[in-house]
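Chain identifiers are assigned alphabetically (A, B, ...) following the order of the sequence lines, protein sequences preceding nucleic acid strands; residue numbering begins at 1 within each chain.
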Amino acid sequence: MSIEKSPGREGLSWLPALVTIGIVLMGASWAVLGYFKYGLWVNNGPGAGFFPVVAGLGAAVLGIYEFLFSPVKAKAVGTKSLWPAVAMAITVASIPLVGMVLAMALFIVLWILVIERKTWHKAVLTGAGAGTGIYLVFALWLKVPFPQGFFLELMR
Amino acid sequence: MDILQSLLLGFATSLTVPNLFAALIGASLGIMIGAIPGLGSVTGVALLLPLTFQMDPITGIIMLGALYYGCMYGGSYSAIMLNIPGDAPAVVTALDGYPLSKKGEAGKALFTANISSFIGGTIGIVMLTFMGAALAKIGLMFGPAEVAALVVLALCSIGWLLGDSPKKGLISTFVGIMLSMVGIGLAFGQPRFTFDSMYLLNGISFIPLVIGMFGFSQVLEMMVNRVDAAGLMKKIGLRESLLNRSEVSRIIPVSIRSGVLGNLVGILPGAGATTGSFLAYVLERKVGRKGDELGSGKIEGVAASEAGNNAAAAGSFAPLLSLGIPGSGTAAVLLGGLMMWGVQPGPMLFQNSPDFVWGLISSMYLGNVMAVLAALAIIPFLVKLLRVPPAFMIPVIAVVCVVGAYSVNNSMFDVWFMLGAGVMAYFMNVAKYPVAPLLLAFVLTPRLETSLRQALDISRGDFSIFFNSPIASTLLGITALFVVFPFVRKLFPSLKRKAIKK
């Protein structure tokens, strides 16, 4: 598998191969579990393992072929693209502490300030607007029971 | 003539100022709810149902009908503008809708979605009005063997979505099938691949998966590829968003054939609007003049999917009213509502409560008209929203993804799952594995598994059940033709040349 370099994508060049390996491993485990644990053909019909075995074998065999012989060029992926995932994972982890609405508003403010380097009033305005919108539509109107957060619970 | 008179009676009942107002409110709320990722028509109808009990039943059902239609319109907006399908059928809309947005033609895509939704919805309601009982009977002719054959046809059609590398597309399809196997299977009642997690017992939730794979992976892509967002940023005036005469004449035939097909799929038990929009898209790919170009941002793709989706939604009312069998999740919630109003859907409904049932059918016409008017009115505003720079768009879309994923089941597990699915889909994009076949296989396979198991249970393992049924054998024959035809075309180059010339 050869790698195509493009600006902003340098870095995790081994990733496409890793994806294929992941799919092969997933396919193999689905096929093995499907065959031995759930059963391929039960009482004159497909057992709970029939589709897992068919799909698992298909994915594993094609995946191995793809890994070994694929002439397709894969794009390399830069670590920069993973920033939103990491930042959002930290934010989601903080939801039990600060609550959903505040965590989301803070995410927007900090992202615009720190990553995008915009002015603080633009950041606060966007964060506050989005937070208020989420609160009004989801929490107040649609009655979605968002986590309130440890601090708010403590204050109560 | 009787039907026309009854329909006019229905309109006489429903066309009052309070009812028109209720339809407008229902349609506007529906568009908003449909456009929010994670909330679909089931949530919308369920939320509004308790409020309508205080109203006159006719006004209540008009509001719910309009809300249902509004949701169908709204579902396409986030798919077209943000690549986040608001509901499952909109996955197909996103295939052409988002590429159109990237070209700076979001307005045209939105207009196409609305007009074809209107045409598809109207076809669905007209068919329901004149052939409701007959359609419901056709639906009943579809037993497990026929449904299994239909899903096999749909699954084999995924081949057209596989992209540049059919092998990778096929691998994605297999991954979709594997993911759909997680949880307690309906056919077996046995937990599979749950790895002892109670969160996985009910299986993987589809909406968080879609939000992650389409929406959150888009956020990651926007980080490195902001050039792609340039088309989205293009200043679009209302006049450029309007469809010209040739574009309208391109989408009308597509909408009509997709509407008829979608309606027929909608009446089948459990087939649903997703299968309707997907099969309509597949049909367009096969018979449409620009079929081969679908997926690269063509209004025909948006029209096929949206007309199929809305017609299927109307179709699901045929078995509900005539037989009391809900054809979709939303119809099931509505069935609950009808029962609470003291109306018993079934064969006697048309005799026992003609006022109510014709009021309901006329309210669907009303809801469809109100929804298209409300939808067309907000397009200029939506197009302006697209011009928000990526610096602000990235965090806001990320937040919408999280809130949308949480709202489906009020579960933090779904949020984490959505994030994981987003990263996985981004990695798959990088390795050039297409995501659309994965999602469609995920939706279709459980239906195939259940129907196949039921069919073989009925026949005690005898496969002749598929060939003795004329419907199943025809569907399987069409599937075989679809599978064999590309190989025949390769073997006989003259056929291929003719196809290219065409």
Taking the side chain as every heavy atom from C-beta outward, state whether [X] and [Y] have any pair of such atoms under 4.5 Å apart.
X        : Y        : value
A/Ile95  : B/Tyr406 : no
A/Glu66  : B/Leu170 : no
B/Phe174 : A/Leu57  : no

Region of [X] that comes under 4.5 Å of a non-hydrogen atom in chain A:
X        : value
B/Val399 : both
B/Gln190 : side chain
B/Met32  : side chain
B/Pro191 : backbone
B/Met178 : both
B/Ser459 : neither
B/Leu419 : side chain

Inset, instruction - Flag the one option from A/Ser29, A/Gly22, A/Ala93 with the top tally of heavy-atom pairs under 4.5 Å to chain B. - result: A/Ala93

Inset, instruction - Flag the one option from A/Ile134, A/Ile108, A/Val92, A/Val144 with the top tally of heavy-atom pairs under 4.5 Å to chain B. - result: A/Val92

Which one of [options] has the most heavy-atom pairs closer than 4.5 Å to chain A?
options                                : result
B/Val403, B/Leu448, B/Val396, B/Leu452 : B/Val403
B/Arg460, B/Met424, B/Met428           : B/Arg460
B/Leu220, B/Val415, B/Val423           : B/Leu220

Which region of [X], side chain (C-beta onward) or backbone (N, CA, C, O), has a non-hydrogen atom less than 4.5 Å from a non-hydrogen atom of chain B, or is it both or neither?
X        : value
A/Leu18  : neither
A/Tyr65  : side chain
A/Met100 : side chain
A/Pro147 : both
A/Leu62  : both
A/Ala89  : both
A/Val137 : side chain
A/Lys37  : backbone

Might you point out which heavy atoms bring [X] and [Y] nearest each other, and give the distance in Å?
X        : Y        : result
A/Ile112 : B/Pro395 : CG1-CG, 4.1 Å
B/Ala398 : A/Phe107 : CB-CE2, 3.9 Å
A/Ser81  : B/Met223 : CA-CB, 3.9 Å
A/Pro84  : B/Val219 : CB-CG1, 3.8 Å
B/Leu456 : A/Gly45  : CD1-CA, 4.2 Å

Inset, instruction - Kindly check if the number of other-residue, nucleotide or ligand heavy atoms within 6.0 Å of OH (B/Tyr199) is above 12? - result: no

Inset, instruction - Check side chain to side chain donor-acceptor pair (under 3.5 Å) between B/Asp457 and all other residues, then give those that pass, not counting sequence neighbours. - result: B/Arg453

Legend entry - By salt bridge (charged side-chain N to carboxylate O under 4.0 Å, His left out) - contacts of B/Asp462 (at least two apart):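 B/Asp462 satisfies salt bridge (charged side-chain N to carboxylate O under 4.0 Å, His left out) with no other residue.
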
Inset, instruction - Could you please state which residues from residues 121-133 of chain A sit under 4.5 angstrom from chain B, measuring non-hydrogen atom to non-hydrogen atom, sorted by number, or 'none'? - result: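 The list, in residue order, reads A/Lys122, A/Thr126.
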
Legend entry - B/Phe427 CZ to A/Thr20 OG1 distance, which is reported to the nearest 0.5 Å: 13.0 Å

Legend entry - Residues in ring pair (Phe, Tyr, Trp, His ring centres under 6.0 Å) contact with B/Phe193, at least two apart in sequence or another chain: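 Expected list: A/Trp30, A/Tyr38.
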
